[in-house]
Amino acid sequence: MKVYQTNEIKNIALIGSAGSGKTTLTESMLFEGGVIKRRGTVEQKNTVSDYFPVEQEYGYSVFPTVFHVECNNKKLNIIDCPGSDDFVGGAITALNVCDQAVILVNGQYGPEVGTQNAFRNTDKLQKPVIFAINRLDVDNCDFDVVMANMRESFGPKCTIVQYPIATGGGFNAIIDVLLMKKLSWGADGGKATIEDIPAEEQDKANELRAALIEAAAENDETLMEKFFNEEALSEDEIREGLRKGLIERSVFPVMCVCASKNMGVGRLMEFLSNVVPFVTEMPQVSDASGNEVKADSDGSTSLFFFKTGMEPHIGEVSYFKVMSGTAKPGDDLNNSDRGSKERLGQLYACAGANRVTVDELKAGDIGCTVKLKDVKTGNTLNAKDVDRTFDFIKYPNSKYSRAIKAVNEADTEKMMAALQKMRQEDPTWVVELSKELKQTIVHGQGEFHLRTLKWRMENNEKIQVEYIEPKIPYRETITKASRADYRHKKQSGGAGQFGEVHLIVEPYTEGMPDPVVYKFGGQEFKMNIKSKEEIDLEWGGKLVFLNSVVGGAIDLRFMPAILKGVMERMEQGPLTGSYARDVRVVVYDGKMHPVDSNELSFMLAARNAFSMAFKEAGPKVLEPIYDLEVLVPADYMGDVMSDLQGRRAIIMGMDSEAGYQKLSAKIPLKELASYSIALSSLTGGRASFTTKFASYELVPNDIQQDLIKQHEAELAEED
């Protein structure tokens with residue numbers, strides 16, 4: 001395979017909703033590009049893209065597949081991304097390392113929620129977009145309706161380059177208003193027959209051609225001037241205008257394909273090779289230090305590893321983009337993330353499970369290698385004179401969580417190793433060892449996402465696991481001041497134990513003044529603050545610890561032990577065993593024994609005094625509240641709102657966005673546990689949502705009482 005220069009390389013993310021036909025389109029593109037000799041199908045489980053067992057089991061793409069095709073002396077690196085929102089990490093990765101998105105639209109349904117999500121991701125990253133409408137041969141496909149819905153969803157920038165003469169079972173021809181030709185195919189698709197536009201289509205083609213020329217001319221002053229003077233542009237001038245418009249996101253060209261019959265695919269590839277911006281024309285990426293890194297093949301070599309694949313008989317396959325310089329087999333590079341050294345082995349151009357050896361890869365190119373010693377997803381390898389890291393890929397927050405455990409406890413260590421390995425393949429699988437909840441929590445993008453992980457664990461790794469609903473990280477706090485004292489006294493022969501602590505607890509708020517006097521039961525307690533410690537708790541909130549002991553009632557050397565006793569009860573709150581937060585503790589008196597007092601005695605006395613005072617201080621349980629944003633078709637709005645109200649959610653606002661309704665709410669984490677399943681069931685999978693932690697708020701009193709009773713029952717079982 002020839003070595004392509006930076007200005008001959010185009011990187012394209014193929015994205016869209018589940019079922020739009022991306023995997024089938026990939027097969028046809030590979031076939032048209034001569035990379036494969038025959039096209040596979042999803043049904044026969046022999047496609048280049050979906051080659052992992054879990055993908056063949058479910059009939060869905062799970063991982064992004066990197067492949068390349070050569071067209072018009074250009075190299076098109078294309079990443080076929082999963083369409084399901086549960087596997088959005090693949091699309092996010094691809095969009096970050098590519099310069100262009102092709103969004104495939106299902107001609108049967110038009111823009112779906114998955115299409116909306118895909119477009120929204122391109123908008124966030126400011127990536128150019130070309131739409132390709134697929135499945136034009138489906139009986140209920142109406143191109144005009146699809147275009148109307150697309151313009152409603154994505155705006156008037158959607159500009160027709162091609163349109164079908166007929167859709168449904170009779171689809172076999174399109175009018176290309178850039179070429180101003182009719183393209184038609186036989187039953188087997190493939191190479192198009194090119195003819196003049198029929199007379200009955202001429203007026204429509206002329207009208208759309210004028211709109212295309214105007215859209216292209218708007219992006220270049222020279223072209224605009226020529227357009228005003230001559231009202232016409234050449235094909236090459238239109239292409240140039242479209243390329244500039246793509247870079248500015250001022251035009252979204254619309255193409256037509258029937259991937260299953262290989263109709264229009266070759267022309268789509270030709271359009272991509274001629275119109276898509278080159279790597280050198282797009283804004284350059286900055287490294288983690290904010291320094292712009294130019295895609296220069298003569299610069300210092302930096303490789304960014306964006307994907308790791310685990311393949312049988314091979315092991316780890318590491319996929320990378322050449323951010324700068326040139327990569328060659330045998331290069332000695334430094335891993336700036338892990339501090340290790342690596343030597344590159346053979347380099348490959350990617351084609352799913354197939355790979356083509358290459359002599360070198362220039363800046364901007366995408367390739368893969370195998371048998372690296374210590375390179376993980378997200379790492380950067382640099383030449384000896386360079387110290388760069390890249391962290392430009394930002395993944396969405398998790399939406400669905402489950403506690404996971406091995407059915408056989410002896411498999412726990414193997415399970416953890418497998419989880420870490422799988423996270424290299426999909427960084428949106430997040431594994432958390434929760435000290436607080438005493439559970440291993442797996443976070444993902446949805447129920448199907450985690451079901452896929454479980455399938456792989458049991459079928460690939462041969463480890464039986466089970467999911468259970470994760471515990472909720474409640475918090476405890478207090479609402480008023482109270483006091484308590486506790487004497488710890490123990491005599492068991494020889495030296496005894498003695499420590500007595502008097503303390504006051506009260507709610508803490510940021511910036512509150514130090515206390516001067518307290519009143520309890522008609523008695524005044526004046527404070528004389530000797531020392532103050534403010535502790536930022538790792539689970540949120542603060543503990544403020546004041547020493548107001550006078551007259552040497554407690555020796556200063558016992559204060560750390562008293563603080564330790566208080567912290568122990570903060571870590572295991574008196575009500576439910578949850579972490580406590582936002583408490584001020586004032587130790588104002590106590591007693592000690594010249595022989596029997598020690599750190600342990602005062603730690604135990606403080607722990608018990610704090611617990612007693614806490615329970616009398618109007619204790620409350622707090623629960624995590626999340627900001628929720630739901631994107632839902634208007635038809636389902638009532639059902640979704642009703643369901644949310646049943647989940648104790650507070651509706652914060654409603655808005656419309658690109659043909660969908662956007663619902664904003666605040667909802668307790670407890671009620672989000674099964675929300676992805678419920679929302680999918682309510683809307684037939686046509687809605688999506690995002691969440692973000694907002695705050696801790698008081699739980700309703702009935703729920704608090706249930707939590708306290710549950711905790712007391714657990715303690716009784718332990719005893």
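Model, not experiment: these values are computed from the prediction. Note that these values count all heavy atoms, side chains included, but never hydrogens, waters or copies made by symmetry.
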Just checking [X] against [Y], ring centres under 6.0 Å apart?
X	Y	result
Y675	F689	yes
Y400	H449	no
Y474	Y696	no

To the nearest 0.5 angstrom, please state how far the [atom1] atom of [X] sits from the [atom2] atom of [Y].
X	Y	atom1	atom2	answer
S336	N379	OG	CG	7.5 Å
L563	E568	CG	CD	10.5 Å
T428	N397	OG1	CG	11.5 Å
S289	F390	OG	CZ	10.0 Å
D80	L14	CG	CG	5.0 Å
M457	K414	CE	NZ	10.5 Å

Between [Y] and [X], is there a side-chain heavy-atom distance shorter than 4.5 Å?
X	Y	result
E425	M310	yes
P624	P473	yes
L303	K321	no

Next item on the list: Verify side-chain contact (heavy atoms from CB on, under 4.5 Å) between V317 and Y319, making sure each step is shown before the conclusion.
Entry: CA-CA 7 Å; V317 180; Y319 296 82; 3.6 Å; yes

Checklist line | Presence of salt bridge, E476 and R569, under 4.0 angstrom | finding: no

Margin query: Check this for me, if you would: do E447 and K399 make a salt bridge, where the nitrogen-to-carboxylate-oxygen distance has to be below 4.0 angstrom?
Written below: no

Notebook entry, point to check: E316 and salt bridge (charged side-chain N to carboxylate O under 4.0 Å, His left out): which partner among K371, K421, K376?
Noted result: K376

Next item on the list: Decide yes or no on ring-ring contact (aromatic ring centres under 6.0 Å, His included) for F448 and F87, but give the supporting numbers first.
Entry: CA-CA 9 Å; F448 184 38; F87 304 102; 5.4 Å; yes

